[in-house]
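Since the structure comes first, as structure tokens, the remarks are kept for the end.
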There are 2 protein chains.
Amino acid sequence: MSSSPLDPVLTANFLRGNTAIIVLAILRDGPAHGYAIGSEIARRSEHTLEFKQGTLYPILHELERDGSICSEWEIPNGDRPRRVYTITESGQRELERRMEAWQRFNAAMIRVTAVRLDEQTG
Amino acid sequence: MSSSPLDPVLTANFLRGNTAIIVLAILRDGPAHGYAIGSEIARRSEHTLEFKQGTLYPILHELERDGSICSEWEIPNGDRPRRVYTITESGQRELERRMEAWQRFNAAMIRVTAVRLDEQTG
DNA sequence: ACTACATGCCTAGCGACGCATAGTATGAGC
DNA sequence: GCTCATACTATGCGTCGCTAGGCATGTAGT
């Protein structure tokens with residue numbers, strides 16, 4: 001399987017409102033810098049999801065502005081500086097709030113379309 | 001518990017790319033006119049989803065333009081004319097295609113956020 | 001008769017947000 | 001001294017659900 005990549009137009013729309021959840025969920029498992037977050041999203045989703053830089057970095061800035069994450073520059077020995085992001089407590093709550101909303105939306109979608117996710121064999 | 005209504009901003013974003021699926025899924029179960037489609041969406045989702053008219057009617061027009069649905073005016077005895085929509089074979093395929101994409105996206109979301117839908121008790 | 005409301009359809013323009021694109025810069029491998 | 005992966009930033013575009021309007025008819029209340 002792993003099949004054809006998801007229709008990029010559909011994916012871009014599906015992503016709407018879900019980007020913050022994804023980034024926060026990655027950071028819930030530990031601090032990371034922007035580029036690494038992008039790689040991790042691709043890895044976990046088996047490249048079904050691949051955040052463009054023009055998508056990822058603005059989200060990080062917005063989440064930081066909202067206080068959901070905070071950052072500091074890290075200067076590794078003999079490597080380029082990178083901005084490392086850490087989820088805050090407020091960010092944890094925000095993640096929970098958004099996950100709840102997402103699950104409720106999904107439940108509604110399933111009822112309306114009368115589809116069960118477990119009908120499909122993955 | 002049907003609880004508080006979903007955050008309308010989140011909902012509007014979650015809806016992105018899903019409106020066509022929802023409408024096609026309703027019509028898969030039989031022809032219906034616009035207003036009835038809207039009511040049925042609200043009913044099935046227990047009012048978690050409520051399409052605005054400015055959302056619903058443009059979708060119907062677009063789906064018809066694409067050949068996914070077709071319509072004709074129905075003039076019931078002693079009632080106002082209404083435009084009744086029927087899903088086409090091409091629409092059935094479109095529905096399947098979009099549902100597959102949606103399910104794959106959801107599967108990716110679940111992997112990335114490391115959440116199982118069945119973790120929550122409904 | 002008049003008001004109010006649910007039903008029923010339509011459209012123009014707004015705004016949010018993911019994307020495309022471009023720019024800057026360092027380290028590794030050839 | 002190339003190229004490529006890494007790493008961050010900024011600007012403007014395009015899509016699409018929503019807001020906010022318009023038009024029209026049947027029913028119920030007063």
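Residue numbering restarts at 1 for every chain, and letters A, B, ... go by the order of the sequence lines.
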(message) Run the side chain to side chain contact (heavy atoms under 4.5 Å, CB included) test on Ile21(A) and Leu95(A) for me, step by step, so that the C-alpha distance in whole Å, both residues' side-chain angles and the decisive distance to 0.1 Å come before the verdict.
(response) CA-CA 6 Å; Ile21(A) 301 185; Leu95(A) 175 57; 4.1 Å; yes
(request) Taking only the side-chain nitrogens and oxygens of Arg16(B), find out if one of them lies under 4.0 Å from OP1 or OP2 of dC18(D). (result) no
(request) Using the side chain to side chain contact (heavy atoms under 4.5 Å, CB included) rule, pick out the option among Val9(A), Thr11(A), Leu10(A) that qualifies with Asn13(A). (result) Val9(A)
(request) Take the protein atom CD1 of Ile37(A) and the nucleotide atom P of dT9(D), then report the distance between them rounded to whole Å. (result) 12 Å
(request) Return the value, rounded to whole Å, for the distance between atom CG of Asp7(A) and atom C1' of dT15(D). (result) 14 Å
(request) Indicate whether the side chain of Glu94(B) and that of Ser68(B) have a donor and an acceptor atom separated by less than 3.5 Å. (result) no
(request) Whole angstrom is fine here: how far is it from CD in Glu40(B) over to C1' in dT7(C)? (result) 16 Å
(message) Quick check: on DNA chain C, is the nucleotide nearest Pro81(A) upstream (toward 5') of the one nearest Asn18(A), or the reverse? Name the residue that is more 5'.
(response) Asn18(A)
(message) I'd like to know if Arg44(B) pairs up with Glu40(B) as an ion pair, taking the criterion as any Lys NZ or Arg NE/NH1/NH2 lying under 4.0 Å from an Asp or Glu carboxylate oxygen.
(response) yes
(request) Evaluate the side-chain proximity of Phe51(B) to Ile22(B): yes if any heavy-atom separation is below 4.5 Å, no if none is. (result) yes
(request) Mind listing the residues from residues 51-63 of chain A sitting with a heavy atom below 4.0 Å of DNA chain D? Number order is fine. (result) Gln53(A), Gly54(A), Tyr57(A), His61(A)
For nucleotides 28-30 of chain C, tabulate all protein N/O to nucleotide N/O atom pairs closer than 3.5 Å, reporting atom names and distance.
none

(request) With DNA chain D as reference, determine whether Pro8(B) or Tyr85(A) sits nearer its 5' end, using the nearest nucleotide of each. (result) Tyr85(A)
(message) Using a heavy-atom cut-off of 4.0 Å across all strands, would you classify Arg80(B) as base, sugar-phosphate, or nothing?
(response) base
(message) Quick check on dC17(C): is either OP1 or OP2 less than 4.0 Å from any side-chain nitrogen or oxygen of Asn13(B)?
(response) yes
(message) Can you tell me if Arg82(A) touches the phosphate of dA7(D), counting only side-chain N or O atoms and a distance under 4.0 Å to OP1 or OP2?
(response) yes
(request) Could you check Glu64(B), His33(B), His61(B), Arg82(B) and say which one makes a side chain to side chain donor-acceptor pair (under 3.5 Å) with Ser71(B)? (result) Glu64(B)
(message) If I compare all heavy atoms of Ile69(A) with all of Tyr85(A), which pair ends up nearest, and what's the gap?
(response) CD1-CD2, 3.5 Å
(request) State, to 0.1 Å, how close Tyr57(B) and Tyr35(B) come at their nearest heavy-atom pair, and which atoms those are. (result) OH-N, 3.7 Å
(request) For Glu50(B) and dT7(C), give me the distance from atom CD to atom P, rounded to whole Å. (result) 12 Å
(request) Rounded off to whole Å, could you give me the CZ-to-P distance for the Phe14(B) and dC18(D) pair? (result) 13 Å
(request) Whole angstrom is fine here: how far is it from CZ in Phe105(A) over to P in dG17(D)? (result) 10 Å
(request) Give the rounded distance in Å between these two atoms: CG of Leu15(B) and C1' of dC17(C). (result) 15 Å
(message) Considering only residues two or more places apart or on different chains, which pairs with a residue in residues 49-61 of chain A satisfy salt bridge (Lys or Arg N to Asp or Glu O under 4.0 Å)?
(response) none
